Amino acid sequence: MKLGFISSILENSSFEEVIDTAAELGYECVEVACWPREKATRRYAGTTHIDIENLDEKTISHIKEYCCKKNVVISALAYYPNTLSEDPAQRAKAVAHIEKMIEAAPRLGVDTITTFIGRVQTLPVEENLEIFRTVWTPIIKLAEEHKVRIAIENCPMLFGRDQWPGGQNLMTTPAIWRKAFEMIPSNYFGLNYDPSHFVWQQIDYIRPLYEFRDKIFHVHYKDIKVYQDKLQDVGVMAYPLDYMSPKLPGLGDVEWGKYVSALTDIGYNGNTCIEIEDKAFEDSPERILDALRISCHYMRNFVI
């Protein structure tokens, strides 16, 4: 397994600076943020370290050569929109960008795209699944044609009032995964597995690794801390951020030794990326670098 990080935390850095940081801190890969160049609508979104819309052969050669020079690989091209948005214009825009990423990935020597399925947050799961089938069948077909794997993160995108009631990502539980993979069976449609989202949903984050071993294309390392006193006050039906918070690996409730042990059990040898979303480490560029250093040092206990 290679250890890396998702580049969105370095939103003010250039592509070269991101790769330099990875190399200097001892990382081996980077999940590169590839959002369209536009104003972000939420935190950790809108970062563009590779501009998919304006790729030419000179730029592609530079990206490949720079990564080779620094001995850092691109684990995936990352873009996490709501591709099932109830706004037809937003939906079409998100889908079009993902399609451009699929076409660009082989030119960059990358075989994986990390993203969300999306969700109409006011509709139930059953209706969303039918919309998913319609929207995503041609996307996966395009991915198959270009031999690019689509790795869907299991984040519910339900944190506060703006995402209530259903959240903005459908692929959130093993039960839904089974249905989605039955509806669109493909060797190029799988998961970007993040255990932290199962912690606050009270789902076993180890057991699904064994059932879905063939669908795990990419792995995230992010922790979640559930504040039991707050949970006892507001209950599980409250906005999740009322009782939990994202943390650096090792500072929350995920048992990382057990998690990485299970990854080795199933023979996972792919890329694994730390996702920094700990607000305690975001008040300065120096603290962000501290977060990357601490996380790398901690995860090296398990990923060598």
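Remember, predicted model here, so these are calculated numbers, not experimental data. Start at 1 with the first residue, then count along the sequence. Just so it is clear, the values below take in all heavy atoms, side chains as well, and ignore hydrogens, waters and symmetry mates.
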Student: Just so I know, are the side chains of Glu153 and Glu275 near enough to count as touching, which here means a heavy-atom distance under 4.5 Å?
Tutor: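 Contact flag for Glu153/Glu275 side chains = yes.
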Student: Do Val125 and Arg119 touch side chain to side chain, with heavy atoms closer than 4.5 Å?
Tutor: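 A side-chain contact under 4.5 Å exists here.
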Student: Under a 3.5 Å cutoff, is there a donor and acceptor pairing between the side chains of Glu31 and Thr114?
Tutor: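 Short answer, yes.
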Student: Could you tell me whether the side chain of Ser61 reaches within less than 4.5 Å of the side chain of Lys58, counting heavy atoms only?
Tutor: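 Answer no - side chains too far apart.
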Student: Kindly say whether Asp290 contributes a backbone atom to a donor-acceptor pair with the side chain of Arg287 at under 3.5 angstrom?
Tutor: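 Side chain of Arg287 to backbone of Asp290, a donor-acceptor pair under 3.5 Å: no, none is there.
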Student: If you group Ile, Leu, Val, Met, Phe, Trp and Tyr by side-chain heavy-atom gaps below 4.5 Å, do Val135 and Leu142 land in one group?
Tutor: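 The answer is yes; both residues are in one hydrophobic cluster.
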Student: Verify, without hydrogens or angle tests, whether Tyr268 (side chain) and Asn271 (backbone) share a donor-acceptor contact under 3.5 angstrom.
Tutor: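 Confirmed, Tyr268 side chain pairs with Asn271 backbone.
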Student: Is the shortest side-chain N to carboxylate O distance from Lys93 to Glu38 below 4.0 Å?
Tutor: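 Yes.
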Student: Are the side chains of His197 and Lys222 in touch, meaning some heavy atoms are under 4.5 Å apart?
Tutor: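 Yes, side chains in contact.
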Student: Answer yes or no: is there an ion pair linking Glu127 with Arg133, defined by an N-O contact shorter than 4.0 Å?
Tutor: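 No salt bridge links Glu127 with Arg133.
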Student: Is it true that Lys279 and Glu282 have a side-chain N and a carboxylate O under 4.0 angstrom from each other?
Tutor: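 No, this pair does not count.
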Student: Can you name the nearest heavy-atom pair linking His297 to Asn301, along with the distance?
Tutor: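 Distance-wise, the nearest heavy atoms are O-ND2, 3.8 Å.
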Student: Please find the pair of heavy atoms, one from Pro165 and one from Leu158, that lie closest to each other, and give the distance.
Tutor: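 The answer is O-CD2, 3.8 Å.
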Student: Which pair of heavy atoms, one from His97 and one from Trp35, lies closest together, and at what distance?
Tutor: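 That closest heavy-atom pairing would be NE2-C, 3.9 Å.
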Student: Counting only N and O atoms by type, is there a donor-acceptor contact under 3.5 Å from the side chain of Thr134 to the main-chain atoms of Glu130?
Tutor: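 Present.
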Student: Looking at Ala33, is its backbone amide N or carbonyl O close enough to the side chain of Ser7 to form a donor-acceptor pair, meaning the two atoms are under 3.5 Å apart?
Tutor: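 Such a contact is found between Ser7 side chain and Ala33 backbone.
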Student: With a distance cut-off below 6.0 Å to the six-membered ring centre and an angular limit of 45° from the axis, does Arg149 pair with Phe217 as a cation-pi contact?
Tutor: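 Judged by the rule, Arg149 and Phe217 form a cation-pi pair.
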Student: On a heavy-atom basis, which atom in Ile102 and which in Ala143 lie closest, and how many Å separate them?
Tutor: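 Heavy atoms of Ile102 and Ala143 come nearest at CG2-CA, 3.8 Å.
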Student: Indicate whether any N or O donor in one side chain lies under 3.5 Å from an N or O acceptor in the other, for Tyr193 and Asn154.
Tutor: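 Tyr193 vs Asn154: no donor-acceptor pair found between side chains.
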Student: Are Tyr205 and Trp256 close enough that their ring centers fall under 6.0 Å?
Tutor: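 No, they do not, as the ring centres are separated by 6.0 Å or more.
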Student: Does Glu65 pair with Lys69 as a salt bridge, N-O distance under 4.0 Å?
Tutor: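 Salt bridge flag = no for Lys69 with Glu65.
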Student: Which is it for Glu28 and Arg300 under the salt bridge (Lys or Arg N to Asp or Glu O under 4.0 Å) test, yes or no, and what are the steps along the way?
Tutor: CA-CA 12 Å; Glu28 300 153 315; Arg300 283 301 183 196; 3.4 Å; yes
Student: Could you tell me if Asp56 and Thr59 have a donor-acceptor pair between their side chains, going purely by distance under 3.5 Å?
Tutor: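 Distance-only check passes for Thr59 and Asp56.
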Student: Please confirm whether the backbone N or O of Gly250 pairs with a side-chain atom of Asp223, one donor and one acceptor, at under 3.5 Å?
Tutor: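 At least one qualifying donor-acceptor pair exists.
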Student: Using a 4.5 Å cut-off on heavy atoms from C-beta on, say whether the side chain of Phe116 contacts that of Cys155.
Tutor: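 Side-chain contact under 4.5 Å: yes.
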Student: Spell out, yes or no, whether Met237 and Val234 are grouped together once hydrophobic residues are joined by side-chain heavy atoms under 4.5 Å, including indirect joins.
Tutor: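 Yes: a chain of side-chain contacts under 4.5 Å links Met237 to Val234.
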Student: What distance separates Asp194 CG from Ile152 CD1, expressed to the nearest 0.5 Å?
Tutor: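 So the gap between those two atoms works out to 13.5 Å.
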Student: Do Lys230 and Tyr227 meet the cation-pi criteria used here (NZ or CZ under 6.0 Å from the six-membered ring centre, within 45° of the axis)?
Tutor: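 Judged by the rule (NZ or CZ under 6.0 Å from the ring centre, within 45° of its axis), Lys230 counts as positioned above Tyr227.
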Student: Quick one: does any side-chain atom of Asp253 pair with a main-chain N or O of Val226 as donor and acceptor, under 3.5 Å?
Tutor: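 Flag set: sc Asp253 to bb Val226 pair under 3.5 Å.
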Student: Heavy atoms only: give me the nearest Arg91-Glu86 pair and the separation to one decimal.
Tutor: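 Heavy-atom minimum between the residues: NH2-CA, 4.3 Å.
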Student: Can we say Glu211 and Arg178 salt-bridge, meaning some charged N sits less than 4.0 Å from an Asp/Glu carboxylate O?
Tutor: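 Yes, Glu211 and Arg178 are salt-bridged.
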Student: Is it the case that atom NE2 in His62 sees more than 12 heavy atoms from other parts of the structure closer than 6.0 Å?
Tutor: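 Yes - once you tally the heavy atoms of other residues, nucleotides and ligands closer than 6.0 Å, there are more than 12.
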Student: I would like to know whether Gln121 and Gln168 meet side-chain hydrogen bond (donor to acceptor under 3.5 Å, both in side chains); could you show each step before the answer?
Tutor: CA-CA 6 Å; Gln121 66 191 57; Gln168 296 178 348; 2.8 Å; yes
Student: Measure from NZ or CZ of Lys147 to the centre of the six-membered ring of Tyr188 and say whether it is under 6.0 Å with the direction within 45° of the ring axis.
Tutor: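 Judged by the rule, Lys147 and Tyr188 form no cation-pi pair.
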Student: Please examine the side chains of Ile117 and Leu84, heavy atoms only from C-beta on, and report whether any two atoms are closer than 4.5 Å.
Tutor: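 Heavy-atom side-chain distance check passes, below 4.5 Å.
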Student: If you compare all heavy atoms of Arg107 against all heavy atoms of Leu55, which two are closest, and at what distance to 0.1 Å?
Tutor: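 Smallest heavy-atom distance, with atoms named: NH2-O, 3.9 Å.
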Student: After noting the C-alpha distance and the side-chain angles of Ser75 and His218, does the key distance pass the side-chain hydrogen bond (donor to acceptor under 3.5 Å, both in side chains) rule?
Tutor: CA-CA 8 Å; Ser75 71; His218 197 270; 2.9 Å; yes
